[in-house]
Amino acid sequence: MQRKKVAEIFTQRFNLLFPESVDKIEMTNVSTPLTVTRYIGSMGGSLLGWIPFSDAVEPLEAEVKKSGPVLPGLKNFYMAGQWIHGGGGLITTASSGRCAAQYICYDDDKKFTATEP
């Protein structure tokens, strides 16, 4: 019930800022930390990835910076997601997917092109 209220309030405020959007929002989805834990399995419902200066994570972060979203010795293996780059969240996750797609295209001698859906 509370999530529905949050969606309604957000939609009302969004429509005030962007009046052309009135009656054009087809779907809303409000998640909570419990939702994130259930679907993503992140500890405590965290939306962000790990902190890049952690001792346990530093070697992976350094490897990703050096080699890209691949692991040396694993053919056709590309990593993408909020846990590949420090910080995390939706933008970082989407960016890492795009980066992995660019590497795949490069490795397959194909030109990478991005289009809007």
Side-chain angles (χ1 to χ4, degrees):
M1 190 63 159
Q2 291 297 85
R3 291 191 290 179
K4 186 175 181 180
K5 266 188 190 177
V6 169
E8 288 171 0
I9 291 168
F10 177 83
T11 301
Q12 288 170 358
R13 291 183 181 178
F14 186 83
N15 287 335
L16 286 174
L17 290 171
F18 304 98
E20 66 276 12
S21 70
V22 172
D23 298 327
K24 292 186 179 161
I25 297 174
E26 294 180 14
M27 186 191 92
T28 59
N29 186 9
V30 177
S31 68
T32 68
L34 289 175
T35 309
V36 174
T37 299
R38 181 177 25 223
Y39 290 106
I40 299 175
S42 63
M43 191 167 96
S46 172
L47 293 174
L48 301 178
W50 36 262
I51 300 170
F53 52 80
S54 162
D55 288 342
V57 176
E58 195 171 297
L60 178 59
E61 177 77 4
E63 189 60 46
V64 169
K65 284 182 180 177
K66 183 175 82 178
S67 304
V70 299
L71 289 177
L74 289 177
K75 186 177 177 160
N76 295 324
F77 178 83
Y78 301 87
M79 300 180 289
Q82 73 176 25
W83 304 104
I84 300 306
H85 300 286
L90 180 62
I91 300 302
T92 301
T93 302
S95 174
S96 78
R98 180 185 175 113
C99 180
Q102 288 172 317
Y103 270 82
I104 292 168
C105 288
Y106 178 82
D107 289 347
D108 289 346
D109 293 323
K110 299 196 183 216
K111 181 181 178 188
F112 174 80
T113 57
T115 59
E116 291 185 23

Tell me every residue that passes side chain to side chain contact (heavy atoms under 4.5 Å, CB included) with [X], counting only those two or more places apart in sequence or in another chain.
{"X": "Ile9", "answer": "Arg13"}
{"X": "Val30", "answer": "Arg3, Val6, Ala7"}
{"X": "Tyr39", "answer": "Thr35"}

Check residues 19-29 and write down every donor-acceptor pair under 3.5 Å in which the side-chain atom is one partner and the other belongs to a residue at least two apart or another chain.
unit_1, atom_1, unit_2, atom_2, d
Ser21, OG, Asn15, OD1, 2.6
Ser21, OG, Phe18, O, 2.6
Lys24, NZ, Glu20, O, 3.3

If every non-hydrogen atom of Ser31 is compared with every non-hydrogen atom of Val36, which pair is closest and at what distance? OG-CG2, 4.2 Å
Atom of Ala100, atom of Pro69 and distance for their closest heavy-atom approach: CA-CG, 3.8 Å
Shared ILVMFWY cluster between Val70 and Ile104, side chains joined below 4.5 angstrom? yes
Residues 98-112 vs side chain to side chain donor-acceptor pair (under 3.5 Å), sequence neighbours excluded, gives Tyr78-Asp107
Does atom CZ of Phe10 have more than 12 heavy-atom neighbours, drawn from other residues, nucleotides or ligands, at distances under 6.0 Å? no
Which residues, ordered by chain and number, are linked to Leu34 in its hydrophobic cluster, where ILVMFWY side chains connect at heavy-atom gaps below 4.5 Å, directly or through other members? none
